[in-house]
**Q** 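Before anything else, here's the structure in question.
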Amino acid sequence: MSGSELGGDPEDLEPLGRGLVDLRRRAQQELASVRMFSDQFLTKFLWARDLDVELSLKLLLNYQRWRRESPEISRCLSPSSVLGLLNTTYHAVLPQRDHSGSRVLIYRIGQWDPKDWSAFQVFSVSLMTSEIISMETETQTQGVKAIFDLQGWSLGHALQVNPSLARKISSVLSDSFPLKVRGIHLVNEPMFFRPVFAMIRPFLPDKIRKRIHMHGADFQDTLSDFFSPSVLPPEYGGEGPGIEGVCQAWTNQLLQSEKLLQQIATHPTGDITIPPEDCWISETVEAEQLLEG
């Protein structure tokens, strides 16, 4: 695999190459039933742990265990099965990255009707997005930031989040998925969201806890401390494309990736290699289309 396919700065390619050799050997020792791991797959885990092979191996093993122990989510990666939820403009990945190169995700909880969609189905949307963006070189190195808009949070939502699901969510956020979580921003959070957050918080490592920011109803003033106006939709105090448009654009991305996601869901390890010519629409083209339209 060439340097451009591996990604990263040229000065990082040598340690990345050494890391791939070492991580593959260690992973095959730990997972004797697996004959081979692709470079593309292992690279995600190495970048997620800054090329530390020991930590990358732990993350890889946790990812495999999480997939085995959570089949109700990990094997249900079908965007078309939750199209009704996606069409409510519940979720978006913004077309522009933030100043540090992180992908920015938005979740609009008020668009989720708990009478129609279970928390597991909602969580699967996040997992589908995570699987897709974890294949992007810049996302592997620069990570993600998420904005959760909790306007409309109700008792019906709270009742959907039990301790078992809280553990699964916190596990993905902290030690079971190859993405760096650079920041979690809560806006419009009501007082009665706090018991749910208190349920999730103990499962999170200190590093993640320190990256959680609560902005309240006056979020537009404080979000600007973390995101430039060009990145955020107008609904969140920015100058970027409107939230409905970016939600629809990302829904289209997910639908275009249906076959890929189902391959990941059914693969024993999730190790699916994507040739460059078969990748979905590029970030640059997607951003240009949204900014023009």
Side-chain angles (χ1 to χ4, degrees), residues 1-67 93 96-105 129-146 171-183 205-208 210-211 257 260 263-264 267-287:
M1 181 173 279
S2 70
S4 62
E5 289 172 306
L6 286 172
D9 294 331
E11 62 197 42
D12 292 327
L13 294 181
E14 185 176 347
L16 175 59
R18 292 196 302 267
L20 284 169
V21 173
D22 196 7
L23 179 58
R24 178 176 287 108
R25 177 181 59 81
R26 299 280 303 279
Q28 289 174 336
Q29 290 174 349
E30 294 286 343
L31 300 168
S33 61
V34 181
R35 298 180 62 184
M36 182 59 67
F37 285 106
S38 70
D39 284 358
Q40 190 180 80
F41 184 70
L42 294 178
T43 296
K44 296 192 297 185
F45 295 90
L46 284 164
W47 282 132
R49 291 298 178 264
D50 297 318
L51 304 182
D52 185 309
V53 173
E54 191 68 34
L55 294 178
S56 300
L57 176 64
K58 180 180 178 181
L59 178 62
L60 173 60
L61 296 178
N62 286 344
Y63 173 77
Q64 299 300 326
R65 182 169 59 251
W66 189 90
R67 293 181 84 239
V93 176
Q96 294 192 73
R97 296 173 180 271
D98 79 341
H99 65 279
S100 66
S102 295
R103 274 291 206 175
V104 182
L105 287 57
T129 287
S130 297
E131 289 286 5
I132 291 173
I133 64 176
S134 71
M135 297 181 187
E136 301 168 345
T137 299
E138 190 170 2
T139 304
Q140 291 170 7
T141 57
Q142 304 304 328
V144 300
K145 295 175 183 176
S171 181
V172 167
L173 287 174
S174 57
D175 64 3
S176 297
F177 199 89
L179 275 179
K180 298 176 182 178
V181 179
R182 298 295 198 187
D206 287 341
K207 179 174 67 175
I208 297 296
K210 293 176 182 177
R211 295 175 182 175
S257 304
L260 165 66
Q263 288 175 336
I264 293 172
H267 192 278
T269 65
D271 185 355
I272 302 297
T273 300
I274 307 300
E277 64 271 16
D278 291 341
C279 284
W280 48 88
I281 185 171
S282 72
E283 292 180 53
T284 302
V285 172
E286 177 193 3

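This is a predicted model, so every value here is computed, not measured.
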**Q** Is the closest side-chain heavy-atom distance between E30 and K58 below 4.5 Å?
**A**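 Answer no - side chains too far apart.
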**Q** Between atom NZ of K180 and atom OG1 of T141, what is the distance when rounded to the nearest 0.5 Å?
**A**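 The OG1 atom of T141 is 6.5 Å from NZ of K180, to the nearest 0.5 Å.
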**Q** Please give me the minimum heavy-atom distance between A48 and L59, naming the atom from each residue.
**A**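 Taking every non-hydrogen atom into account, CB-CD2, 3.7 Å.
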**Q** Check whether any side-chain heavy atom of L42 sits under 4.5 Å from a side-chain heavy atom of L60, and report yes or no.
**A**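 A side-chain contact under 4.5 Å exists here.
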**Q** For D52, which residues count as a side-chain hydrogen bond (donor to acceptor under 3.5 Å, both in side chains) partner, sequence neighbours excluded?
**A**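 D52 satisfies side-chain hydrogen bond (donor to acceptor under 3.5 Å, both in side chains) with no residue once adjacent residues are dropped.
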**Q** Just jot down the side-chain hydrogen bond (donor to acceptor under 3.5 Å, both in side chains) partners of R24, sequence neighbours excluded, or say none.
**A**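 For R24, the residues satisfying side-chain hydrogen bond (donor to acceptor under 3.5 Å, both in side chains) (neighbours in sequence not counted) are D39.
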**Q** What distance do K44 atom NZ and E136 atom CD have between them, rounded to the nearest 0.5 Å?
**A**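 Reported to 0.5 Å precision, the distance equals 11.5 Å.
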**Q** Which pairs with one or both residues in residues 18-40 pass ring pair (Phe, Tyr, Trp, His ring centres under 6.0 Å), sequence neighbours excluded?
**A**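 Output for this query lists F37-F41.
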**Q** What residues, two or more places apart in sequence or in another chain, satisfy side-chain hydrogen bond (donor to acceptor under 3.5 Å, both in side chains) together with S174?
**A**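 Residues passing side-chain hydrogen bond (donor to acceptor under 3.5 Å, both in side chains) with S174: none at all.
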**Q** Can R49 and E54 be counted as an ion pair, charged N to O under 4.0 angstrom?
**A**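 Salt bridge flag = no for E54 with R49.
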**Q** Determine whether R211 and V181 make a side-chain contact, defined as any pair of heavy atoms from C-beta on separated by less than 4.5 Å.
**A**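 No; the side chains remain at least 4.5 Å from each other.
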**Q** Can you tell me if T139 uses its side chain to pair, donor with acceptor, with the backbone of S134 under 3.5 Å?
**A**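 Checking the backbone N and O of S134 against the side chain of T139, no donor-acceptor pair under 3.5 Å is found.
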**Q** To the nearest 0.5 Å, what is the distance between OG on S56 and CG on L23?
**A**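 S56 OG to L23 CG: 6.0 Å, rounded to 0.5 Å.
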**Q** Assess, by modelled atom type and distance only, whether the side chains of R67 and T269 contain a donor and an acceptor separated by less than 3.5 Å.
**A**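 No.
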**Q** Given side chains that start at C-beta, do those of M36 and D271 come closer than 4.5 Å, heavy atoms only?
**A**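 Contact flag for M36/D271 side chains = no.
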**Q** Supply the atom-to-atom distance T129 OG1 to E131 CD, rounded to the nearest 0.5 angstrom.
**A**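 So the gap between those two atoms works out to 10.5 Å.
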**Q** Heavy atoms, side chains only, cut-off 4.5 Å: are L260 and M135 in contact?
**A**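 A side-chain contact exists here, since the closest heavy-atom pair is under 4.5 Å.
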**Q** Quick one: side-chain hydrogen bond (donor to acceptor under 3.5 Å, both in side chains) partners of D98, sequence neighbours excluded?
**A**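 So D98 forms a side-chain hydrogen bond (donor to acceptor under 3.5 Å, both in side chains) with S100, K145.
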**Q** Does some side-chain heavy atom of R65 sit less than 4.5 Å from a side-chain heavy atom of N62?
**A**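 They are in contact (side-chain heavy atoms under 4.5 Å apart), so the answer is yes.
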**Q** CZ/F45 to CG/L55 distance, rounded to the nearest 0.5 angstrom?
**A**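 Nearest 0.5 Å value for the CZ-CG distance: 13.5 Å.
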**Q** Show the nearest heavy-atom pair for residues G270 and Y63, with the distance to one decimal.
**A**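 The answer is CA-OH, 4.4 Å.
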**Q** Heavy-atom distance under 4.5 Å between the side chains of I133 and L105, does that happen here?
**A**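 Answer yes - side chains close enough.
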**Q** Check whether any side-chain heavy atom of L31 lies under 4.5 Å from a side-chain heavy atom of L61, and answer yes or no.
**A**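 Yes, side chains in contact.
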**Q** Measuring from atom CD of Q263 to atom CD1 of I272, what distance do you get when rounded to the nearest 0.5 angstrom?
**A**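 With rounding to 0.5 Å, CD (Q263) is 5.0 Å from CD1 (I272).
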**Q** Checking R18 now: which residues fulfil side chain to side chain contact (heavy atoms under 4.5 Å, CB included) with it, not counting sequence neighbours?
**A**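 For R18, the residues satisfying side chain to side chain contact (heavy atoms under 4.5 Å, CB included) (neighbours in sequence not counted) are E14, P15.
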**Q** Evaluate L16 against W47 for side chain to side chain contact (heavy atoms under 4.5 Å, CB included), listing each step before the verdict.
**A** CA-CA 8 Å; L16 175 59; W47 282 132; 3.9 Å; yes
**Q** Kindly give the heavy-atom pair with the smallest separation between V172 and F177, and that separation in Å.
**A**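 Residues V172 and F177, closest heavy atoms: O-CB, 3.7 Å.
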